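Below is one structure, written out as C-alpha cells, with a few remarks after it.
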Amino acid sequence: MSQSQLDQIKSNALKAFTSAQNSQELYNFKVQFLGKSGALTEAMKLMATLPKEEKPAFGKLVNEVKVELEAAYEKAESALKNKEIDAKMLEEKLDLSFAVSSQEQGKEHPIHKVTNEIFSIMARLGYSLRTGPLIEKDYYNFEALNIPPNHPARDMQDTFFVDDTHVLRTHTSPIQIHSLESEKLPLRIIGTGPVFRVDSDISHLPNFHQIEGMCVDSQVSMSDLKGTISFFVKEFFGPGLKTRFRPSFFPFTEPSAEVDCSCPICKSKGCSLCKQTGWIEIGGCGLINPKVFEHAKVEYPKWQGFAFGFGVERMAIIKYGVDDIRHFPANDVRFLKQF
Ligand code: PHE
C-alpha cells in the first residue's frame, strides 16, 4: 500500500460523501470506506506487511486520513439532514390561503332548546330544577304513585322492565316522590329528562322527554293549576294558540285533566298529526292524590298540591309545526339546522 493508493481512497471517499443524495446513501458510503471491512480499515491491516521502519509514518498517515474522512462524513451528514428537514417542511407547509369547504357550526338540539325555554318560563314562577334516575325502582315509577302491582292502571304505560323490581322510567312523575320524600315544603319544582315506553308511531317515540311540574303548598286548587298551565302555555307558544283542559284519569292525581293545544299544522281543521281532531295532547295534570302524599309521608290536607307532565317533543312539534315526532331522534342535520 503506497501513499498514492491511500490518497486515492481518500479522494474517492470525499467524492462519495459529497455526492450522496440522502442519509441512507451516505451511511452506505461510510460503511464502504470507514466500516469494519471498509477500504481504509483494509489499508490499516496492510501495515503488517510493511518494513518496520515505515510503519510509524504510514500509521500516522492512515490515522490522519481517517480523522479527515470522519469529519467529512459528519459535515455531509448534517448538510443532508438539514436538506431533508427543509424538504419535509416545504412539503408540510401550511397554506394559509387554501380554500376550505365551509365549516358547519354546531348548535343546540331543538329538544334542549325547548327544555331550556320551559325552564326559564317556570323559573319566573319560582320553580327550580330536579332530575332523577332513568332506571327507577318499580316503587317510585308505579306504587308510590298509587299504581299498585297488577293494577289495570299499569296498562296506561307499556313498560321496559330491567328486572323484577326496576324499570326504565315511563314518566318523570317519580321525581315528585323523590322530592316529597327528601325536601322541605312548600315546594315548586320542575323535573325533566328522558322517559321510555314500548310505543312508536307518527306521534309516539319509545324514548322521549318529559317536563314535570309540581307545586305543594298549604292551599292549592284546580284554578291554581289551570292558571299556571295557561300562563306557561301562552308564554311558550305565544298568544295565538288555544288550549283546553279535558277531564281525564291518572292514578296519582284527583281530579285529573289532559291538556290539549290547537293543531298548528292544519290550524285546527284536522290532519293526520292531530288525528283529524284539530287538537294535540301535550300531557296530563291534576291535583295530587292524597294517596301519593300518604306514600311519601306528607301530611294531607295540611299540604296540598298540583302536578303536570308534558311531552317535550310534542311541545316542540306544536311550536315549530313539525309533522313527524320521529324527526327529533333521527338527528338529520338538514332537519336540525332549521331551529
Ligand atoms: N305522568 C303522566 C304521564 O306520563 C303525566 C302526568 C304528570 C299527569 C303529572 C298528571 C300529573 O302520562
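The chain is numbered in sequence order, starting from 1. One-based numbering, in listed order, for ligands and for the atoms of each. On a predicted model such as this, the values are computed, not experimentally measured, just so you know.
At the shortest separation from atom 11 (C) of ligand 1 among protein heavy atoms lies A307 O, 3.5 Å. Residue, atom and distance of the protein heavy atom nearest to atom 8 (C) of ligand 1 are G284 C, 3.4 Å. Closest to atom 4 (O) of ligand 1, if we only count protein heavy atoms, is R197 NH2, 2.7 Å. Protein heavy atom in closest approach to atom 2 (C) of ligand 1: F252 CZ, 3.7 Å.
Of all the heavy atoms of F308, the ones lying under 4.0 Å from any atom of ligand 1 belong exclusively to the backbone.
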Under the ring-ring contact (aromatic ring centres under 6.0 Å, His included) criterion, do F17 and Y73 qualify, and how do the steps go? CA-CA 6 Å; F17 289 171; Y73 171 79; 5.7 Å; yes
Carefully, step by step, assess Q24 and N28 under the rule side-chain hydrogen bond (donor to acceptor under 3.5 Å, both in side chains). CA-CA 6 Å; Q24 185 58 46; N28 293 344; 3.3 Å; yes
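Under a 4.0 Å heavy-atom criterion, F306 is not in contact with ligand 1. By the 4.0 Å heavy-atom criterion, E212 is counted among the residues contacting ligand 1. Note on ligand 1: C285 sits in its first shell, one or more heavy atoms being nearer than 4.0 Å.
When atom types are taken as modelled, the side chain of E25 and the backbone of A20 share no donor-acceptor pair closer than 3.5 angstrom. With hydrogens and angles ignored, the 3.5 Å screen pairs no side-chain donor or acceptor of T41 with any backbone N or O of S37. Of the possible polar contacts, none joining the E136 side chain to the L168 backbone as a donor-acceptor pair under 3.5 Å is found.
Side-chain contact check for M214 versus L187: some heavy-atom pair is nearer than 4.5 Å.
Which parts of ligand 1 touch Q157 is read off a 4.0 Å heavy-atom cut-off, strictly below it: atoms 3 (C), 4 (O), 12 (O). Annotation for ligand 1: atoms under 4.0 Å from non-hydrogen atoms of Q210 are 3 (C), 4 (O).
Between K137 and E143 there is no salt bridge, since no side-chain nitrogen of the basic residue lies less than 4.0 Å from a carboxylate oxygen of the acidic one.
Counting heavy atoms only, G309 comes closest to atom 5 (C) of ligand 1 of the residues G309, G311, G286, G213.
The shortest N or O to N or O distance between Q176 and ligand 1 is not below 3.5 Å. Polar contact with ligand 1: absent for T170 (N/O pair, distance under 3.5 Å).
Residues E181 and Y140 bring a donor and an acceptor atom of their side chains to less than 3.5 Å of each other.
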